[in-house]
Amino acid sequence: MGDYILLAISCILVNNILLAQYLGNCPFLGTSKKMETAVGMAMAVVFVLVLAGVITWLLETYVLKAFGLEYLRTIAFILVIASLVQFVEMFLKKSVPALYTGLGIFLPLITTNCAVMGVCLINVNEEYTFMQSLVTSFSYAVGFGLALILFAGVRERIILGRVPRPLQDTAIGLVTAGVLSLAFFAFKGMA
Amino acid sequence: MAKTLTQEFVKGLWDEIPPFRLVLGLCPTLAVTKTVENGIGMGLATTFVLVFSNILVSALRKIIPSKVRIACFIIVIATFVTVVELLMQAFTYPLFLKLGIFIPLIVVNCIVLGRAEAFASKNSVLASTADGLGIGVGFTLALGALGGVREILGNGTFLGKTVFGPAFQPFTFMVEAPGAFVCLGLMLCLMNLVGKK
């Protein structure tokens with residue numbers, strides 16, 4: 001049990017997917033201008049990432065490895081993720097309309113979120129067990145949500161400030177992300 | 001077609017240079033630009049995928065039904081990414097190890113899918129080739145430039161060769177994650193400064 005907690009902390013804080021592993025930066029900058037969209041995106045990622053992590057792990061172990069098809073990994077994973085996202089979207093629309101309207105447009109965007117694909121590949125490359133993959137998928141997603149929501153909070157304040165013209169929008173966003181990343185960098189000392 | 005092939009090519013080098021003008025494909029941009037070599041390697045791999053997926057998508061644009069087009073584009077892209085993956089494993093193994101999971105992640109690089117959707121699915125094969133090549137070369141240049149700044153300041157080397165004398169104290173911040181964000185942000189600012197009147 002202690003191992004799992006340690007793994008979770010390392011995934012959420014020390015190896016934060018956005019700020020230390022550089023995965024999923026497009027939605028990080030794209031959806032962080034408003035708090036609402038950031039929260040929506042964070043929730044959608046947690047939801048899809050856990051499902052995708054579990055399914056790709058099963059696929060890798062019982063299909064790709066069993067039949068020696070590892071070279072098809074990239075194609076297989078992206079297809080699983082794309083169809084999963086589509087499926088989740090249809091399922092939510094029918095059964096949980098409230099959540100569907102909440103997550104709305106963020107679901108289709110997740111297909112091209114490299115955090116999802118990245119975590120699935122990390123799980124496979126590190127040869128995690130099933131439980132470990134489950135824990136890492138969930139904690140990476142939580143780390144993603146944490147960083148995204150913190151960043152959105154900072155960005156909402158920046159809009160009120162006077163930013164020099166060439167630095168406006170994405171440029172100041174990136175510099176801010178750098179400062180936030182510096183804060184998370186401090187956790188590296190803990191490991 | 002109002003634009004010539006040269007124009008399609010050149011626009012990728014400045015007007016629409018990713019990741020500055022089109023803020024897409026940031027993850028590989030930030031992650032692999034610790035050194036010039038990695039940056040250019042990643043850029044070339046992406047260019048390869050971009051050109052060939054553009055050609056194939058554009059050749060098939062009349063056959064692919066528009067409802068399932070995204071899924072078809074993703075399969076086309078994933079195929080070429082697998083090709084690159086296997087080629088790099090065979091011929092440039094050290095670079096393949098350094099770039100790690102970012103090679104398979106070209107699949108979810110928004111630049112590639114973005115060009116397939118926005119350009120290749122509407123234009124002829126030749127124009128799409130020029131477009132893919134232009135955007136790819138632009139991306140490679142951008143990654144090379146970012147890698148150059150980070151490698152020179154963070155390591156004191158350029159393409160593995162020492163630039164400064166022994167007294168130089170490496171600015172390690174630059175090769176770590178925070179430096180990547182700040183450096184890209186400042187380069188974007190510089191681009192805006194030069195580009196706008």
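By convention in this document, chain letters (A, B, ...) are assigned in the order of the sequence lines, proteins followed by strands, and residues within each chain are numbered from 1. Because the structure is a prediction, the values reported are computed rather than measured.
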Inset, instruction - Consider only side-chain heavy atoms of I, L, V, M, F, W and Y, link residues closer than 4.5 Å, and tell whether B/L97 and B/V84 are in one cluster. - result: yes
Legend entry - Cluster overlap A/L59 with A/F67, hydrophobic side-chain contacts below 4.5 Å: yes
Inset, instruction - Measure distances from B/E176 to the heavy atoms of chain A and classify the residue's part below 4.5 Å as side chain, backbone, both or neither. - result: both
Inset, instruction - Kindly work out whether a path of hydrophobic side-chain contacts (I/L/V/M/F/W/Y, heavy atoms less than 4.5 Å apart) joins B/V83 to B/V49. - result: yes
Inset, instruction - Show your reasoning for whether side chain to side chain contact (heavy atoms under 4.5 Å, CB included) applies to A/L174 and B/V182. - result: CA-CA 6 Å; A/L174 280 164; B/V182 174; over 6 Å; no
Inset, instruction - Specify the closest pair of heavy atoms between B/K34 and A/Y22, including all atoms of both residues, with the distance to one decimal. - result: CE-OH, 4.3 Å
Inset, instruction - To the nearest 0.5 Å, tell me how far A/T74 OG1 sits from B/I106 CD1. - result: 9.5 Å
Inset, instruction - Using non-hydrogen atoms and a 4.5 Å limit, figure out which bit of A/A20 sits close to chain B: side chain, backbone, both or neither. - result: backbone
Legend entry - A/Q86 portion near chain B, given a 4.5 angstrom heavy-atom threshold: neither
Inset, instruction - Rounded to the nearest 0.5 Å, what's the gap from CG on A/N25 to CG on B/L184? Could you check? - result: 9.5 Å
Legend entry - Interatomic spacing from CG in B/N109 to CE in A/M117 - rounded to 0.5 Å: 12.0 Å
Legend entry - Side-chain heavy-atom pair B/L105, A/L23 within 4.5 angstrom cut-off: yes
Legend entry - B/K122 atom NZ, over 12 foreign heavy atoms within 6.0 Å: yes
Inset, instruction - Select one option (side chain, backbone, both, neither) describing which atoms of B/L113 are under 4.5 Å from chain A's heavy atoms. - result: side chain
Inset, instruction - Taking atom CZ of A/F87 as the centre, report whether more than 12 heavy atoms of other residues, nucleotides or ligands fall under 6.0 Å from it. - result: no
Inset, instruction - To the nearest 0.5 angstrom, please state how far the CD1 atom of A/I78 sits from the OG1 atom of B/T79. - result: 11.5 Å
Legend entry - Partner chain A: residue of B/P28, B/A31, B/A78 with the largest heavy-atom pair count (under 4.5 Å): B/A31
Inset, instruction - Considering non-hydrogen atoms only, spot the tightest contact between A/C114 and B/V108 and give its length. - result: CB-CG2, 3.5 Å
Legend entry - Side chain, backbone, both or neither of B/A180 within contact of chain A (heavy atoms, under 4.5 Å): side chain
Inset, instruction - Heavy-atom distances under 4.5 Å only: say whether A/L29 touches chain B with side chain, backbone, both or neither. - result: side chain
Legend entry - Identified side chain to side chain contact (heavy atoms under 4.5 Å, CB included) partner of B/I101 from the options A/V124, A/L121, A/V119: A/L121
Inset, instruction - Between chain B and each of A/A171, A/G173, A/P164, count heavy-atom pairs under 4.5 Å; write down the option with the most. - result: A/A171
Inset, instruction - Using a cut-off of 6.0 Å, state whether more than 12 heavy atoms not belonging to A/F138 lie near its atom CZ. - result: no
Inset, instruction - Check the surroundings of atom CZ in A/F91: do more than 12 heavy atoms from other residues, nucleotides or ligands lie under 6.0 Å from it? - result: no
Legend entry - A/L72 vs B/T82, side chain to side chain contact (heavy atoms under 4.5 Å, CB included): CA-CA, chis, key distance, verdict: CA-CA 7 Å; A/L72 284 179; B/T82 310; 5.7 Å; no
Inset, instruction - Could you state whether A/M43 and A/M90 fall into the same hydrophobic cluster, counting links through intermediate Ile, Leu, Val, Met, Phe, Trp or Tyr residues with side-chain heavy atoms under 4.5 angstrom apart? - result: no
Inset, instruction - Determine, using the 4.5 Å side-chain heavy-atom cutoff (strictly less than), whether A/L6 and A/F184 are members of one ILVMFWY cluster. - result: no
Legend entry - Minimum side-chain heavy-atom gap A/L79-B/I75 below 4.5 Å: yes
Legend entry - Sub-4.5 Å side-chain heavy-atom contact between B/F181 and A/L182: no
